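Data first, discussion second: the structure below is written as structure tokens.
In this text, all values refer to a predicted model and were calculated from it rather than measured experimentally. Values reported hereafter were calculated over all heavy atoms of this structure, with side chains retained and with hydrogens, waters and symmetry mates removed. If you read the sequence from its start, that first residue is 1, and numbering goes on from there.
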Amino acid sequence: MPPLFTGKPIVWYEHLNSTNEFAVNQIKKGLVGEGTVYAAYHQPGGRGQRENKWHSEQGENLTFSVIYEPIFLDATEQFYLNMAVCLALVKFLKTDLNIDAKVKWPNDIYVEYDKIAGILIENMLKGQNLSYTVIGIGLNINQDLFDESLRNPTSVKMITGQRFAIEPLLESFLGYLEAEYLLLKALRFADLYERYIQNLLFYNEERLYSAYDDAFTGKITAITPEGKLIIETSTGQKAFGFKEVEFMV
Ligand code: BTN
């Protein structure tokens, strides 16, 4: 379904240091409304999670930020926004491109063992509620050569063998994102959670993890409402926050 208010407008820039950085500044200046999207063909200072940089070759991939005003969300519910964004990406990849993707907790999008998209969400609070969110997404489309330092990147082209025009893909994706965002706005948390879990990489599979320099096997059995990962091990259940556990893939 085409979106009603997401990507109205989509503002494309030839160069932006970081679309997230730009979006945050525009919000601070009071210059944006709900649904605005900033997209860049070239993003030399792309921000990634854990203070990493996001590398993307000029003109080859989608690098963009979506601004919403989720004032209906309490700060303790913000992980449901991550779920909505992940689910939109998985559904878009499956429906439009026939690519089977999974969510690697908390919010990476993987195809088998390789990362096709990264998400960096920056939330702003007003009191106990969210006021604005900047949803930054890097989705690899046509790039098929990546820096050696990156562990396991992949792209739509590497999977399908085809090149795609990036602008129509962004427009279509925004329809999926808006649909999930509207579910979030209707506070359909259980629905989002169920589908997030169903699409989670290694859910309920015995796998190897590492935490605090200790390797162990266990099964992901749940995610807490705050977004912690629950892993069941031979010695009981453990809850891990972001950055506290690594997947040994
Ligand atoms: C990750 O490390 O996996 C998250 C990467 C997020 C990259 C996107 S690209 C568009 C937006 N602008 C940024 O500076 N970062 C995000």
Side-chain angles (χ1 to χ4, degrees), residues 1-23 26 32-48 53-68 84-104 107-112 114-121 133-147 150 152-182 199:
M1 279 280 282
L4 293 174
F5 59 93
T6 308
K8 315 278 172 183
I10 302 179
V11 192
W12 279 94
Y13 287 89
E14 233 12 90
H15 305 275
L16 273 185
N17 188 49
S18 149
T19 59
N20 268 33
E21 175 187 78
F22 185 75
Q26 293 295 94
V32 272
E34 174 145 273
T36 300
V37 175
Y38 295 117
Y41 293 104
H42 182 219
Q43 189 191 228
R47 296 181 188 166
K53 279 193 77 173
W54 183 258
H55 301 270
S56 179
E57 200 150 308
Q58 181 161 3
E60 296 290 69
N61 305 311
L62 280 171
T63 49
F64 61 98
S65 300
V66 181
I67 294 165
Y68 282 134
V85 177
C86 290
L87 287 169
L89 275 165
V90 167
K91 194 152 183 197
F92 161 72
L93 287 168
K94 179 72 211 165
T95 315
D96 284 26
L97 296 164
N98 203 21
I99 292 176
D100 262 316
K102 291 263 182 201
V103 181
K104 178 169 172 278
N107 51 13
D108 287 334
I109 307 298
Y110 267 54
V111 178
E112 297 186 346
D114 301 325
K115 178 162 165 173
I116 192 166
I119 301 167
L120 182 68
I121 299 179
T133 184
V134 172
I135 301 168
I137 298 178
L139 174 58
N140 296 332
I141 307 289
N142 294 317
Q143 188 169 345
D144 49 12
L145 279 176
F146 288 86
D147 196 287
L150 300 175
N152 50 356
T154 191
S155 66
V156 171
K157 166 128 187 283
M158 285 163 78
I159 295 160
T160 63
Q162 280 175 266
R163 282 187 71 85
F164 288 85
I166 58 176
E167 298 86 350
L169 290 185
L170 174 56
E171 276 161 39
S172 177
F173 166 72
L174 295 176
Y176 294 91
L177 182 66
E178 185 172 289
E180 298 295 346
Y181 183 70
L182 289 175
N199 285 287

Report summary line: In short, S18 meets G45 closest at the heavy-atom pair CB-O, 3.5 Å

Report task. Would you indicate whether the side-chain heavy atoms of V103 and V90 approach each other to under 4.5 Å? Result -> yes

Requested in this report: Kindly say whether V32 contributes a backbone atom to a donor-acceptor pair with the side chain of T36 at under 3.5 angstrom?
Outcome: no

Query raised in the report: Crowded around E167 CD? As in, over 12 foreign heavy atoms under 6.0 Å?
Result: yes

Report task. Rounded to the nearest 0.5 Å, what's the gap from CG on L169 to CD1 on I141? Could you check? Result -> 5.0 Å

Report task. May I ask you to decide if N140's main-chain N or O and K157's side chain share a donor-acceptor pair within less than 3.5 Å? Result -> no

Query raised in the report: Short question: side chain of N61, backbone of G138 - any donor-acceptor pair under 3.5 Å?
Result: no

**Report entry** Spatial distance of atom CG (L139) from atom CG (L170) [nearest 0.5 Å]
**Finding:** 9.5 Å

Requested in this report: Check the pair V85 / N107 against side-chain contact (heavy atoms from CB on, under 4.5 Å), numbers first and verdict last.
Outcome: CA-CA 8 Å; V85 177; N107 51 13; over 6 Å; no

Report summary line: Between A88 and L177, the two heavy atoms sitting closest are CB-CA, 3.6 Å

Query raised in the report: Can you name the residues that form a salt bridge (charged side-chain N to carboxylate O under 4.0 Å, His left out) with K104, not counting sequence neighbours?
Result: none

Query raised in the report: Rounded to the nearest 0.5 Å, how far does CD1 of I121 lie from SG of C86?
Result: 7.0 Å

Requested in this report: Apply the test side-chain contact (heavy atoms from CB on, under 4.5 Å) to residues Y176 and L87: give CA-CA distance (whole Å), side-chain angles for both, the deciding distance (0.1 Å), then the verdict.
Outcome: CA-CA 9 Å; Y176 294 91; L87 287 169; over 6 Å; no

Query raised in the report: Any chance the side chains of E21 and Y38 put a donor and an acceptor closer than 3.5 Å?
Result: no

**Report entry** Non-neighbouring partners of D114 that pass salt bridge (charged side-chain N to carboxylate O under 4.0 Å, His left out), sequence neighbours left out
**Finding:** none

Query raised in the report: Do S172 and F92 come within less than 4.5 Å of each other through their side chains, counting heavy atoms only?
Result: yes

Requested in this report: Return the minimal non-hydrogen interatomic distance between E60 and I166, and the atom names on each side.
Outcome: O-CG2, 3.8 Å

Query raised in the report: Can you tell me if T95 uses its side chain to pair, donor with acceptor, with the backbone of K91 under 3.5 Å?
Result: yes

Query raised in the report: Closest heavy-atom contact between D108 and G118?
Result: OD1-CA, 4.4 Å

Query raised in the report: Do L89 and I116 touch side chain to side chain, with heavy atoms closer than 4.5 Å?
Result: no

Report task. Drop me the distance from E34's CD to T133's OG1, to the nearest 0.5 angstrom. Result -> 10.5 Å

Query raised in the report: With a 4.5 Å heavy-atom cut-off, do T63 and L16 have their side chains touching?
Result: no

Going by atom type alone, with no hydrogens or angles, which donor-acceptor pairs under 3.5 Å involve a side-chain atom of residues 2-15 and a protein atom two or more places apart or on another chain?
from	atom 1	to	atom 2	distance (Å)
T6	OG1	Y68	OH	2.7
T6	OG1	E178	OE1	2.7
H15	ND1	H42	ND1	2.8

Report task. Check whether any side-chain heavy atom of L150 sits under 4.5 Å from a side-chain heavy atom of H55, and report yes or no. Result -> yes

Query raised in the report: Is there a side-chain contact between K94 and D100 (heavy atoms, below 4.5 Å)?
Result: yes

Query raised in the report: How long is the span from the CG atom in N20 to the CZ atom in F64, to the nearest 0.5 Å?
Result: 10.5 Å

Query raised in the report: Which atoms form the tightest heavy-atom contact between N142 and Q162, and what is the distance?
Result: OD1-O, 4.2 Å

Report task. Test I137 against V66 for side-chain contact (heavy atoms from CB on, under 4.5 Å), laying out the working first. Result -> CA-CA 8 Å; I137 298 178; V66 181; 5.5 Å; no

Query raised in the report: Below 4.5 Å, heavy atoms only, C-beta onward: do T19 and Q43 meet side chain to side chain?
Result: yes

Query raised in the report: Minimum heavy-atom separation for V134 to A23, with atom names?
Result: CG1-CB, 3.8 Å

Report task. Look up atom CZ in F146 and atom OG in S56, then write down how far apart they are to the nearest 0.5 Å. Result -> 7.5 Å

Query raised in the report: Does the side chain of V156 reach to within under 4.5 Å of the side chain of F164, using non-hydrogen atoms?
Result: yes

